[in-house]
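Fair warning: this is a prediction, and the values are worked out from it, not measured in the lab.
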2 protein chains.
Amino acid sequence: MTQTRTTRLERGRAALGPALELVHTGRAPTRAVLTAELGVTRATAGAVAAELEALGLIQVDARPTAAAGSQGRPSHRLSVAPDGPVVLAAQIHADGYRAALVGLGGRMVATAPGCMTVPADPSHIIDAVVEAGAALLADSGRPCLGAGLAVPSAVAEPDGTALNPLHLSWPAGAPVRDLFTRALEKAGLRGPGGTPLTGVAGNDVNLAALAEHRHGAGRGARHLLCVATGHRGVGGALVLDGRLHTGSAGLALEVGHLTVNPAGLPCHCGSRGCLDVEADPLAFLTAAGREPGPSGSLLQQSRELLRTEYADPTVRAAAERVVDRLGLGLAGLVNILNPDRVVLGGLHRELLEADPERLRAVVADRSLWGRSGSVPILPSTLDHNSLVGAAEAAWQPVLDDPLAALG
Amino acid sequence: MTQTRTTRLERGRAALGPALELVHTGRAPTRAVLTAELGVTRATAGAVAAELEALGLIQVDARPTAAAGSQGRPSHRLSVAPDGPVVLAAQIHADGYRAALVGLGGRMVATAPGCMTVPADPSHIIDAVVEAGAALLADSGRPCLGAGLAVPSAVAEPDGTALNPLHLSWPAGAPVRDLFTRALEKAGLRGPGGTPLTGVAGNDVNLAALAEHRHGAGRGARHLLCVATGHRGVGGALVLDGRLHTGSAGLALEVGHLTVNPAGLPCHCGSRGCLDVEADPLAFLTAAGREPGPSGSLLQQSRELLRTEYADPTVRAAAERVVDRLGLGLAGLVNILNPDRVVLGGLHRELLEADPERLRAVVADRSLWGRSGSVPILPSTLDHNSLVGAAEAAWQPVLDDPLAALG
DNA sequence: CTATTTTGTTCAGCCGCGGCACAAAGTGAG
DNA sequence: CTCACTTTGTGCCGCGGCTGAACAAAATAG
């Protein structure tokens with residue numbers, strides 16, 4: 001037998017992927033910075049940039065803008081290609097869906113929301129969101145390199161099934177990844193060269209964390225912990241060295257069942273006082289003595305209450321109660337994960353902004369050492385971060401190996 | 001200025017490090033397997049193996065043993081060099097210290113225990129263990145490539161200071177890494193070419209996890225969670241894709257303050273019913289109604305009790321109580337980290353072996369999905385795993401880049 | 001003993017990349 | 001404006017690691 005081996009996909013320029021990621025995340029605004037970040041010679045960086053430009057992924061400005069106050073020849077500016085390829089991002093939430101086209105750099109090119117009560121059969125809404133995305137794509141005329149789907153449920157790997165669609169009526173174990181891929185096929189969406197698109201699916205909080213890490217409040221963090229709450233329950237996510245940590249089966253960071261109030265409310269998990277039932281919008285509304293509305297509007301209702309009636313002592317006390325519980329949960333997570341940054345989303349973001357010091361104090365107090373307790377806790381900064389995160393997941397193969405993904 | 005750049009340490013054969021690691025961990029018993037694992041051609045694998053042999057790190061058997069039941073030319077066998085270089089491993093525990101020389105493959109070449117009450121000044125005992133190691137080294141006549149120290153405390157990065165020497169009388173923030181390095185210098189230990197040795201220091205449970213992952217019960221796991229208890233308190237560690245996850249400041253996996261018994265004993269952290277006070281040897285002895293002995297012997301005392309009097313209903317009930325608490329803590333960790341294997345050390349190992357089903361049932365019951373709950377829970381299998389782990393940490397630079405570490 | 005299978009070895013050639021020299025494009029001093 | 005200086009871009013050469021292929025070696029099967 002003549003000598004065969006596994007095809008080396010990373011063939012060609014090894015620095016192509018890292019270089020694209022640097023431009024994508026805005027960490028390489030010029031070719032000079034790119035050279036330094038990659039740790040290669042200027043010659044190599046130049047060749048890499050030229051190759052990425054030839055692939056239509058980035059743009060190298062021929063007319064470099066002079067950097068103020070610095071001497072020497074100004075470096076060429078790098079940016080993502082303004083009319084380059086996009087990926088299809090889709091999100092399903094309690095109120096309906098949203099489709100979007102997202103280019104490199106997290107730029108949302110087009111977006112289309114859709115309201116509907118989520119039906120028991122996940123394939124219907126997945127088909128709907130993909131069709132909306134296909135329409136956007138047809139309008140834009142730009143090539144599509146991938147597709148990502150965010151769902152409000154844990155997604156098991158490697159099968160891509162939704163395990164706990166808590167506030168959806170989906171059956172447990174719905175094969176959302178495969179349904180998504182099939183919907184892409186049905187909608188006639190194709191990748192470069194007519195190859196079929198393979199969809200990726202993930203938990204919305206996980207994907208939001210990825211987006212915040214690349215383009216939002218988590219930028220530059222080595223170990224980023226995100227915690228967020230939508231309508232019911234609390235989700236977590238961890239980004240380690242730029243990669244989402246989903247655990248061995250995609251089930252990591254199920255933080256909802258940390259005990260934060262030993263004498264608290266019973267939880268469906270069998271315990272009492274879990275974060276899930278002590279620090280979500282429903283808990284806030286209940287503590288404030290308000291009648292919770294329909295489950296798909298709990299977040300809006302809570303935000304409204306927080307914004308308009310925070311002066312009311314009852315509301316304020318309810319907020320502080322939730323913040324204290326959340327702080328206990330965060331302290332536990334900080335002790336276990338020791339992140340260098342924490343970003344809060346959903347209602348937790350508003351609660352943090354309402355009283356940043358209280359939450360930070362609780363976390364610092366219950367963390368084991370001042371050092372780990374002094375971790376910065378920031379509100380999320382991206383709109384539609386789950387959607388952008390779904391796009392990030394879809395971009396990943398391109399970032400890992402641009403040649404293979406486009407060739 | 002002529003073009004300079006950061007020296008590319010990984011210059012030369014890029015596959016040298018991975019190849020050494022494969023032999024080191026026993027995953028490349030033959031050159032043919034090495035070829036497949038590295039994903040290179042036979043020619044390259046041959047060159048790499050020859051180079052590692054020339055460096056004195058591995059041995060390539062000229063007379064390959066025929067593999068039974070397979071055709072074709074038998075492949076050369078690979079093994080670590082029997083008289084190759086070693087690293088110095090040191091451990092400090094409640095009863096004293098232990099020094100050892102450890103070769104590649106986790107082979108303990110020589111070891112020397114030392115009993116002493118740990119003095120308040122950490123430099124004394126660190127000097128003592130290094131001197132013991134230096135004596136072993138002089139006897140062996142083998143070159144020393146590194147040194148690692150395991151301490152029963154969290155070690156903060158990047159400064160290498162011991163933060164919570166719980167059952168030692170050390171001051172908080174003792175610079176153990178620097179004290180260790182200085183002791184190595186004082187003892188006249190030198191690396192290849194007379195370069196000074198830089199010591200590495202780590203938490204004993206963290207290092208034990210590393211050892212179990214490379215050579216023990218954790219072999220092959222992608223996400224390995226280790227939990228162990230020595231005399232007081234509970235420690236945890238996580239190995240992700242072969243690397244220890246120590247968090248952004250070395251403080252990750254401080255699992256001792258997970259709440260596992262809301263109505264439990266008060267803990268110095270301010271909460272009640274923490275894992276630290278509910279699932280350590282002291283908790284077991286107390287629950288069994290025994291008078292705890294001196295703090296440095298709690299583990300022995302507990303083991304003794306478990307082995308000789310497990311038939312006693314009081315002892316058994318105490319064990320089950322601790323197992324139940326431990327199970328709650330493990331379930332919480334499994335929900336957050338979703339490892340694909342759990343390894344228990346110290347007294348937890350004996351408790352697991354006494355009644356494997358009970359612990360597994362508790363974990364499965366409190367894990368969110370059967371899938372993550374069905375994670376295998378195994379007892380540790382290595383003797384002196386913290387010591388071997390200290391050696392692993394010391395070997396790491398060599399495994400990462402053999403040429404740079406030896407050149 | 002021959003055919004087959006699997007592995008080791010040698011060698012030529014490609015190609016990525018470093019190093020260098022030089023050009024280009026800016027700032028600042030006089 | 002000119003000149004010195006600094007920083008960046010580009011073309012070219014050469015090294016060296018790695019692939020690919022042909023060939024040799026060492027075992028088993030029949």
Take atom CD of B:Gln71 and atom C1' of C:dT2, then tell me their distance rounded to the nearest Å.
14 Å
Could you state the CZ-P distance from A:Arg13 to C:dC14, rounded to the nearest angstrom?
17 Å
Apply side chain to side chain contact (heavy atoms under 4.5 Å, CB included) to the pair B:Val388 and B:Met108, showing each step before the final yes or no.
CA-CA 8 Å; B:Val388 174; B:Met108 208 172 299; 3.7 Å; yes
Nearest to the side chain of A:Arg42, heavy atoms from C-beta on, is which of C:dT6, C:dA21, D:dC18?
C:dA21
Which of these, B:Leu34, B:Leu22, B:Val33, sits in a side-chain contact (heavy atoms from CB on, under 4.5 Å) with B:Arg27?
B:Leu22
Please check this pair: side chain of B:Asp340 against backbone of B:His223, looking for a donor-acceptor N/O pair closer than 3.5 Å.
yes
Go through D:dT10, D:dT28, C:dG8 for me and flag the one nearest to the B:Arg31 side chain.
C:dG8
Rounded to 10 degrees, the angle between the two terminal axes of the helix from C:dC1-D:dG30 to C:dG30-D:dC1, each from five pairs
10°
Give the rounded distance in Å between these two atoms: CG of B:Leu34 and C1' of C:dT9.
16 Å
Side chain to side chain contact (heavy atoms under 4.5 Å, CB included) assessment of B:Leu16 paired with B:Leu52
CA-CA 7 Å; B:Leu16 221 51; B:Leu52 288 176; 3.9 Å; yes
Identify, between A:Val48 and B:Thr30, the residue whose nearest nucleotide on DNA chain C lies closer to the 5' end.
B:Thr30
Nearest to the side chain of A:Ala32, heavy atoms from C-beta on, is which of D:dT28, D:dG17, D:dT8?
D:dT8
Is the phosphate of C:dG18 approached by A:Thr44 (side-chain N or O, under 4.0 Å from OP1 or OP2)?
yes
Could you state the CD-P distance from B:Glu53 to C:dG8, rounded to the nearest angstrom?
13 Å
Regarding the side chain of A:Ala43, the nearest nucleotide among D:dG11, D:dT19, D:dT28 is D:dG11
Please state how far atom CD in B:Glu51 lies from atom C1' in D:dC18, giving the value in whole angstrom units.
13 Å
Please pick, from D:dG9, C:dC17, C:dT27, the nucleotide with the shortest atom-to-atom distance to any side-chain atom of A:Ser75.
D:dG9
Nearest-angstrom distance from the residue atom CG of A:Leu403 to P of C:dC15
14 Å
If the threshold is 4.0 Å, N to carboxylate O, is there a salt bridge linking A:Asp241 and A:Arg222?
yes
Contacts of A:His215 meeting ring pair (Phe, Tyr, Trp, His ring centres under 6.0 Å) (sequence neighbours excluded), chain-then-number -> A:His24
Checking side-chain polar atoms at under 3.5 Å, does A:Ser140 have a donor or acceptor matched by the opposite partner on A:Arg142?
no
Phosphate oxygens OP1/OP2 of C:dT5: is one of them under 4.0 Å from a side-chain N or O of B:Arg73?
no
Of B:Gly72 and A:His76, the one whose nearest nucleotide on DNA chain D sits closer to the 5' end is A:His76
